[in-house]
Amino acid sequence: MTQIQQPPRPHPNRLISPSPTPSSNNDYSSIPSSPAMSTSSSHGNNNNNNNNSSSPAVPNTLHLTAISHPSHLTSLPPELKSTNPHRPLLHIAPSGHTYTYYLNPMMQSVILILLVEMLERFSFYGINYTTTAYLTGEYNEEWNADMTSIQASSYVSISTAVAYTTPFLGAMLADNLLGEYTTIIMGCCLCYIPGLVLIALTTLPNTILGLMEFNVKAIQWGLLVLWPIGTGTVKACVNVFGAKQFHPILQSSLIERYYVNFYMCINIGALTGGVVVPIVAQWDVTWAYCIPVIVLVVGVSLFLLGGRRYVKPVPRYDVGYWMREVVFGGEGGGGGRSSSSSRSQRDKMKEQQQLLQQSSHNGPADKVGIGTVLLLSSLVIPFNIAYAQMATSFIVQGSVMKSWGMIDAPMMNNADAISVLAFGYIIGNIIYPELNRRQIKIPTTYKFAIGSAFGAAAVGCAIITDYQIHRVYEERGEAISILWQSFPYFLIGIGEIFAVSAAYEVAFTVAPAKKKSLASAANLFMVGGAPNVFCIYLYNACRSWFLNAKGLAHIHKLSDYASAKVVNYFWLLEAIAMFGVIVNLLPPVKNWVAAVEEAAAEAVKTPINTPMIRKNLKQRRKDRGGGGGGGSSSTNDEETPLIKAKKHADYLKYGNGPELRKFGSMRAGPSLKNAHPNPSRGGGGRQGQSTSLAREVKDKLESYADKR
């Protein structure tokens with residue numbers, strides 16, 4: 001019997017190499033290619049000997065997951081094309097709903113989504129960076145909440161925790177009731193903008209709110225309820241809604257670039273909001289807090305203008321599904337409108353997946369649920385505890401330092417955004433491509449560990465700065481420059497690139513297709529909600545370290561800060577960040593995360609099963625004489641390579657499916673250039689391995705290729 005040699009695991013989303021002449025009816029590599037679909041392989045395997053000199057060079061590769069040019073349409077069968085010339089790509093969802101897509105969704109619709117995200121982040125960080133200083137009276141000593149540093153920091157942490165917990169609400173509304181589009185609009189109009197308006201009104205003494213004293217209840221409703229609920233509801237939906245503007249199969253490779261742009265827009269908004277609002281607040285805090293209101297109103301208006309351009313997937317209309325998933329962790333079922341036939345179809349697909357899992361050499365893949373996403377994202381909690389200090393204890397420390405021109409403590413937060421933009425470009429365009437070229441992949445937990453290490457380094461710099469504050473004050477009675485804080489902020493920004501971006505990526509990657517918004521909410525809670533809740537506990541547990549010599553918690557003046565022991569709090573944060581480094585370097589943790597990612601990759605092997613495909617299978621059985629009697633041809637049609645594991649053994653042996661890489665953190669992997677041919681298939685001159693994604697679209701493309 002022929003010995004099959006196992007080649008290296010294929011690189012995710014590899015190109016498909018079409019053969020000049022099909023070797024069999026089941027050869028999906030015979031799909032014709034289009035000249036515009038060439039993405040020239042860098043491995044030097046191009047064969048130009050057969051090119052026709054009278055026409056452009058015919059590419060030897062076809063990328064089925066990057067359809068973005070009109071010439072690409074010539075390589076697609078009619079089943080994948082719509083009759084709408086503006087949105088020519090067609091997708092029939094498993095639910096039976098039909099959606100059409102632009103060839104260039106980034107410029108046609110996604111740009112408006114990125115714009116509203118950028119303006120929303122402007123508003124969020126403009127308020128978030130200045131809240132501590134506003135509540136402690138740094139901007140206006142005569143009209144303020146008169147809060148201590150601990151109280152102001154607690155308010156900020158509570159607000160942030162609510163903002164990163166309420167994405168569960170946004171996910172429930174988006175996935176089950178309203179859809180992402182309507183949820184974003186309602187979140188902005190009913191909560192976000194009214195919250196910003198209420199916060200701005202608290203800056204006006206004795207006028208609109210009609211009180212002679214600062215209205216604490218108004219700031220509580222605006223800062224702790226409306227504003228964070230609005231931002232959390234919107235946050236869960238925006239990134240997922242943008243990703244859904246791309247065809248889920250034919251444009252899946254383009255989604256990673258979208259997430260790179262999405263993260264860049266976040267930081268551009270954070271940078272501009274963090275510069276404009278604090279500068280204006282030094283002059284007039286009322287005008288400063290009116291700017292986020294105006295900016296967000298403009299953003300929502302632009303978002304509404306593109307209403308007809310968006311792909312708006314139909315929600316499930318089943319709150320019970322969400323409750324089963326979140327509260328009880330059940331499989332979820334098929335929604336309120338499920339029939340017995342749809343349940344039997346789901347049972348059939350489960351059986352198909354079990355067959356695949358039983359045939360895998362890696363053993364059965366564990367079920368990946370929202371609980372798993374929560375555990376994965378919890379690995380970055382230590383880093384995010386350090387990250388949360390930028391709007392709290394770092395501001396407290398910076399308030400007693402000497403401003404450098406217009407740069408004060410709140411404005412120093414922009415060093416983080418600058419760091420993300422600068423080092424993000426270096427890491428994304430230099431470091432990761434070089435690792436990719438060398439076929440080196442950084443495990444997800446190692447990215448978390450690197451991020452936590454930079455978080456620990458940032459807190460270490462804050463410790464050095466604190467000792468410097470005390471030393472200079474004791475020697476000369478002076479304050480040191482605020483520029484000392486640039487080091488912690490820059491280091492936090494670098495850590496954010498590794499830890500936070502990897503957390504977003506792995507959450508989207510491992511989540512089942514129907515739970516993307518819910519997984520996004522779970523990740524946001526572990527990134528921002530849980531760390532800030534923990535910080536609230538830390539503030540109160542370490543309260544004695546924030547007291548001055550008189551036993552008071554007012555330490556926003558240098559003389560009071562010098563008598564406090566805030567440095568002890570920083571040492572505790574240092575220990576927490578180092579704990580995060582150690583945990584993520586442990587081999588059992590690394591292996592568990594790798595197993596979860598592998599389980600998610602296994603889930604991609606389930607066949608595309610839509611009414612159109614089922615209809616085509618029946619038609620093909622008729623054409624081949626399968627009729628209904630259970631002949632071999634009929635059985636073969638039923639048992640497509642992705643359905644029947646027994647006949648798909650060397651597929652499982654030669655690849656584990658594509659890795660869904662949906663965020664701006666690039667993953668390297670081995671290439672196919674040294675892959676061995678598959679002797680069992682014949683045609684040894686061509687590659688023996690192609691992506692499982694090609695096999696997923698095989699059923700749709702096969703009949704078209706045979707006709708061609």
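The first residue in the sequence is number 1, and the count goes up from there. Model, not experiment: these values are computed from the prediction.
In this structure, a donor-acceptor pair under 3.5 Å is absent between the side chains of Y258 and Q245. A donor and an acceptor atom, one from each side chain of T392 and Y539, are located under 3.5 Å apart.
Contact record, I497 with S419: CD1-O, 4.2 Å, taken as the closest heavy-atom pair. Between C535 and A388, the shortest heavy-atom contact is SG-CB, 4.0 Å. Between I555 and F546, the shortest heavy-atom contact is CG2-O, 3.4 Å.
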Verdict with reasoning, R121 to T231, per side chain to side chain donor-acceptor pair (under 3.5 Å): CA-CA 9 Å; R121 290 292 90 185; T231 189; 3.1 Å; yes
Where do Q397 and D466 land on the side-chain contact (heavy atoms from CB on, under 4.5 Å) test, with the steps shown first? CA-CA 8 Å; Q397 184 187 66; D466 206 87; 3.3 Å; yes
With ring pair (Phe, Tyr, Trp, His ring centres under 6.0 Å) as the test, would you mind laying out the steps for F454 and F383 before giving the verdict? CA-CA 8 Å; F454 277 105; F383 168 79; 9.3 Å; no
side-chain contact (heavy atoms from CB on, under 4.5 Å) evaluation trace for I266 with M118: CA-CA 5 Å; I266 288 176; M118 182 178 67; over 6 Å; no
I would like to know whether E117 and F262 meet side-chain contact (heavy atoms from CB on, under 4.5 Å); could you show each step before the answer? CA-CA 8 Å; E117 173 66 11; F262 183 84; 3.6 Å; yes
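Residue M390 holds its CE atom at 4.0 Å from CG of D416, rounded to the nearest 0.5 Å. Atom CG of L586 is separated from atom CG of L379 by 10.0 Å, given to the nearest 0.5 angstrom. Distance check: N584 CG to Y446 OH gives 10.5 Å after rounding to the nearest 0.5 Å.
With sequence neighbours excluded, the residues satisfying side chain to side chain contact (heavy atoms under 4.5 Å, CB included) with I158 are V162, L224, I536. Residues that satisfy the side chain to side chain contact (heavy atoms under 4.5 Å, CB included) test with I418, not counting sequence neighbours, are L271, F490.
The aromatic rings of W227 and Y192 stand perpendicular to each other, their planes meeting at an angle above 60°, with 30° marking the opposite boundary.
Contact annotation: the side chain of L135 never approaches that of Q151 to less than 4.5 Å [non-hydrogen atoms, C-beta and beyond]. In this structure, F448 and V593 have side chains that are not in contact, with every pair of non-hydrogen atoms separated by 4.5 Å or more. Looking at heavy atoms from C-beta onward, F394 lies out of side-chain contact with M412 at the 4.5 angstrom threshold. Side-chain atoms of L421 and Y425, non-hydrogen and from C-beta on, never get closer than 4.5 Å to each other. L119 has its side chain out of reach of L296: every pair of non-hydrogen atoms, C-beta onward, lies at least 4.5 Å apart. Between I127 and V277, the closest side-chain pair of non-hydrogen atoms is not below 4.5 Å.
Within 6.0 Å of CH2 in W545 there are more than 12 heavy atoms belonging to other residues, nucleotides or ligands.
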Identify every side-chain donor-acceptor pair in residues 567-576 under 3.5 Å, counting partners at least two apart or on other chains, and give the distances.
from: Y569; atom 1: OH; to: Q389; atom 2: OE1; distance (Å): 3.2
from: W571; atom 1: NE1; to: Y467; atom 2: OH; distance (Å): 3.2
from: E574; atom 1: OE1; to: G460; atom 2: N; distance (Å): 3.2

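Between the side chain of N128 and the main chain of F124, no donor-acceptor pair closer than 3.5 Å is present.
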